[in-house]
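Residues take their numbers from the sequence shown, with the count starting at 1. On a predicted model such as this, the values are computed, not experimentally measured, just so you know.
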Amino acid sequence: MKSNLISRILSWASIVLLLLFFPIYESFSSAGLRWAASIIVLSVIAGSGFLSYIGSKKEDKEINLLISSGLGIISLGIYFLRVYLEDLSLQKGGTAPFWITNLREFLLVFLVLFVLGSVFLGILREWERSSFENQSSLKGRKQSLVRDFFLGTGILLLILILANYISVMRNHNFDLSSKGVHSFSIEAKKILKEIPDGAEVDVIAFYPRPLDSTARNADGSSSLALKRIRPDLEILLSQLVSVHPGFKVKFINADVELDEIAEFGQVSNGNVLIRYRKAGATSGPYPEQKVGVKDKSELEDLERRLVQAFMNVTTKERKVYFTEANGERYSQTFQNLPNEKLVRFTDALSFLNFKSTGIGFQNNWPPKIPDDAEFLVIAGPTVPFSPEARASILDFVFKKKGKLFITIEQRGGEGFDWLLEAAGYSYTKGNLSQSPSRAPGLILTKSFRDHAIEESLSKKDTGIVFPYGGYFEQKPPKDPSDIKLDASILLETGGDVYLDKNGNGKQEKEEEKKNLPIALVLKTKSAVPVIPPTDPNVPPTTLPETKSENEGRIVIYSGTSWITNQYIPYEANYELAGASVTWMYQDVSLPAIAPKKEEIETVSLTDGQKRAVWILGMFLFPGLIAGLGSIYVIKRKKAGQKDAK
């Protein structure tokens with residue numbers, strides 16, 4: 001009797017512990033506690049099956065309970081294998097091996113099936129045991145057994161509800177979608193787990209609830225569309241808590257919960273705010289960045305943009321030096337011209353963990369660049385640099401692998417051709433006009449090239465207001481070995497812009513429309529050569545990933561006014577300025593995080609395949625069923641005749 005009681009206790013305990021193991025396992029931060037929990041659960045499941053096997057009669061083994069214990073042990077093994085594969089992927093740089101992702105998805109299916117099978121068979125065995133005891137007990141005992149069984153089942157249901165609650169709070173789930181649209185990829189988790197000890201990242205999503213009254217936001221986005229997005233966002237963002245306990249997720253309806261948005265400044269529905277709070281920080285301003293999601297299609301690359309924003313705000317505080325000895329916008333020359341200053345630009349940098357400091361004659365610049373300088377901003381110099389200053393800047397990029405953010409002043413005397421020639425480009429002055437409705441020299445462009453800077457912009461479709469700038473032209477050197485910088489175009493004017501030679505804002509006959517580069521990204525050339533493929537049909541191999549500290553990086557724009565106080569608030573100017581700066585220290589290749597786009601694969605059948613399907617459906621399957629049915633009827637008839645004799 002005592003052995004039977006222990007067997008029943010272990011049987012129910014194995015079911016309960018197996019269900020609770022998965023949501024509770026990752027709640028333990030200590031590896032020792034995780035090992036202890038795993039050993040306890042494994043021992044109970046194995047002990048339940050072993051005790052049942054040795055306690056039952058030889059001819060009446062409890063097969064269901066044995067199979068239940070076996071499936072439970074296998075499911076734990078599969079779970080630990082998936083954990084090992086995930087850790088293996090996180091340890092590898094770049095993109096996780098494709099076979100690991102496929103294998104984890106394959107194992108996930110068996111994990112779910114084995115857990116459900118183990119629980120079902122365990123409960124079925126208890127039903128069998130209770131039914132057998134009811135048949136061999138007195139009436140009072142039968143009632144007690146039935147009562148105890150239903151009581152135990154009720155307790156199990158409560159435990160299942162508790163397990164579900166823990167799973168929801170910890171957001172443990174099995175994402176069975178083909179592209180993992182409701183979960184973060186391994187590459188994203190690898191980045192998101194890198195929160196400094198004691199720090200927190202607030203993720204505040206501004207979206208209306210599905211039952212809130214409809215309205216239109218100030219930017220024209222429909223509240224109805226935002227309501228449809230919110231459930232998917234809640235599923236995805238709530239998983240950040242399980243990725244790292246430093247994430248705090250909150251949803252606010254900016255149109256209704258006005259008392260909740262006071263601390264966030266000017267916000268509107270349709271945005272996700274990522275805010276970083278260092279350990280011990282009690283007051284702002286905090287590094288933060290907004291990610292706009294206003295349409296269902298924008299959910300496809302949301303993971304990538306969230307990771308980009310996370311990297312931008314959690315980067316360690318860095319010092320950025322602004323040169324101010326050659327008539328730059330940061331210098332005292334523009335202190336009495338509020339619209340021409342860079343106050344809003346420097347404020348934007350402070351939100352991204354950059355501390356701005358000017359260097360001039362008092363700091364022995366030129367030509368000396370501070371020894372601790374990693375990042376230098378040269379914003380619109382009006383006076384050309386001396387040969388000594390140019391040499392210092394070139395050494396800063398090529399030898400020290402420094403970072404440069406440069407904007408050229410069209411009305412100034414510095415065109416940076418001494419730097420651009422190392423990339424095979426040159427700067428050309430010229431009035432760029434777009435349409436009579438805009439002032440001469442002012443254009444609005446959306447013509448971005450693919451780049452990590454462009455990928456992080458949520459408002460790039462609204463365009464960049466780019467006033468009073470020139471453009472870049474290719475100027476290959478005579479000796480190809482003189483190319484020391486890899487150059488790529490970031491932004492162009494678009495095909496509706498023309499060179500306004502007389503500056504009247506009207507397009508004359510001789511003024512043709514051209515698509516001209518106005519922003520370039522330059523990097524010191526990689527030491528690892530790109531080996532061309534032997535097969536001409538195979539695209540060339542991309543350059544290997546390089547850490548930011550191992551290469552000099554430059555972003556250069558052909559105009560300066562777009563980042564001044566007057567124009568930086570317009571359209572996507574503010575975002576582009578911030579993204580250009582944060583890219584300087586971006587080490588992770590965001591293209592490794594694939595967009596979560598559900599692709600519907602279509603299958604087309606040839607005429608021969610269609611004919612084969614028609615023959616199978618019309619003749620083979622019906623004939624097979626009729627033949628097997630006839631054989632079965634004939635055998636039954638013969639067996640009946642034999643029994644009659």
Side-chain angles (χ1 to χ4, degrees), residues 188 190-206 237 240-241 243-250 252 254 260-268 271-293 302-322 342-357 372-377 403 405 452-453 455-459 548-549 553 555 563 568-569 572-588 590:
K190 178 171 59 177
I191 302 170
L192 296 173
K193 287 184 176 181
E194 298 177 357
I195 299 180
D197 293 338
E200 292 183 349
V201 178
D202 294 327
V203 181
I204 302 96
F206 300 95
L237 295 182
L240 290 170
V241 180
V243 172
H244 193 283
F247 283 101
K248 309 297 179 185
V249 180
K250 185 177 182 180
I252 298 176
E260 297 281 348
I261 66 174
E263 62 174 303
F264 304 112
Q266 187 176 359
V267 294
S268 60
N271 293 285
V272 180
L273 178 67
I274 313 295
R275 171 180 286 186
Y276 175 64
R277 290 186 287 138
K278 298 179 182 178
T282 57
S283 60
Y286 301 106
E288 60 184 34
Q289 185 171 336
K290 294 178 183 177
V291 177
V293 185
L302 174 61
E303 179 185 25
R304 181 182 298 180
R305 291 190 288 143
L306 284 175
V307 172
Q308 173 71 75
F310 170 81
M311 291 191 300
N312 291 345
V313 300
T314 57
T315 182
K316 68 177 183 180
E317 185 176 83
R318 299 179 184 274
K319 185 179 290 185
V320 51
Y321 286 103
F322 282 75
L342 303 180
V343 176
R344 293 182 175 178
F345 176 57
T346 55
D347 288 345
L349 295 184
S350 67
F351 279 106
L352 297 172
N353 257 2
F354 287 93
K355 184 179 180 181
S356 303
T357 305
D372 62 342
E374 298 178 358
F375 185 17
L376 200 63
V377 175
K403 321 303 175 190
F405 180 88
I453 296 176
E455 288 175 350
S456 64
L457 303 180
S458 61
K459 296 183 179 179
S548 60
E549 63 266 18
R553 295 185 177 185
V555 180
I563 61 167
I568 198 171
N573 288 26
Y574 187 93
E575 278 193 348
L576 179 60
S580 300
V581 171
T582 54
W583 171 78
M584 299 291 183
Y585 296 97
Q586 180 177 314
D587 290 333
V588 179
L590 289 182

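Shown here are the salt bridge (Lys or Arg N to Asp or Glu O under 4.0 Å) partners of R277, two or more places apart in sequence or in another chain: E200, D202. By the ring-ring contact (aromatic ring centres under 6.0 Å, His included) test, Y321 pairs with no residue at all, sequence neighbours left out. Looking at residues two or more places apart in sequence or on another chain, you find a ring-ring contact (aromatic ring centres under 6.0 Å, His included) between F405 and F345, Y557. E194 meets the salt bridge (Lys or Arg N to Asp or Glu O under 4.0 Å) test with no other residue; sequence neighbours excluded. Annotation: salt bridge (Lys or Arg N to Asp or Glu O under 4.0 Å) contacts of D372 (sequence neighbours excluded): K319. The salt bridge (Lys or Arg N to Asp or Glu O under 4.0 Å) test applied to E288 returns R275, not counting sequence neighbours.
Remark: side-chain polar atoms of R344 are not paired, donor with acceptor, to backbone N or O of Y574 under 3.5 angstrom.
Closest approach of F322 to L349, counting heavy atoms only: CZ-CD1, 3.8 Å. When all heavy atoms of G292 and N271 are compared, the closest pair comes out as CA-OD1, 3.5 Å. Minimum interatomic distance between N573 and I568 (heavy atoms only, all atoms of both residues): CB-O, 3.4 Å. Between E303 and A188 the shortest heavy-atom distance is OE2-CB, 3.1 Å.
Under the 6.0 Å distance and 45° angle rule, R318 does not count as a cation-pi partner of F375.
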Mind running side chain to side chain contact (heavy atoms under 4.5 Å, CB included) on V320 and T346 for me, showing each step along the way? CA-CA 10 Å; V320 51; T346 55; over 6 Å; no
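The shortest distance between side-chain heavy atoms of F310 and I195 falls below 4.5 Å. The closest side-chain heavy-atom distance from M311 to I191 is below 4.5 Å. Under the 4.5 Å side-chain criterion, counting only non-hydrogen atoms from C-beta, I261 is not in contact with I204. With contacts defined as side-chain heavy-atom distances shorter than 4.5 Å, the pair V203/I274 qualifies. Looking only at side-chain heavy atoms (C-beta outward), V201 and H244 stay at 4.5 Å or farther from each other. In this structure, the side chains of K290 and V267 come closer than 4.5 Å at one or more pairs of heavy atoms.
Relative orientation of the F264 and F206 rings is perpendicular, given thresholds of 30° and 60° on the angle between their planes.
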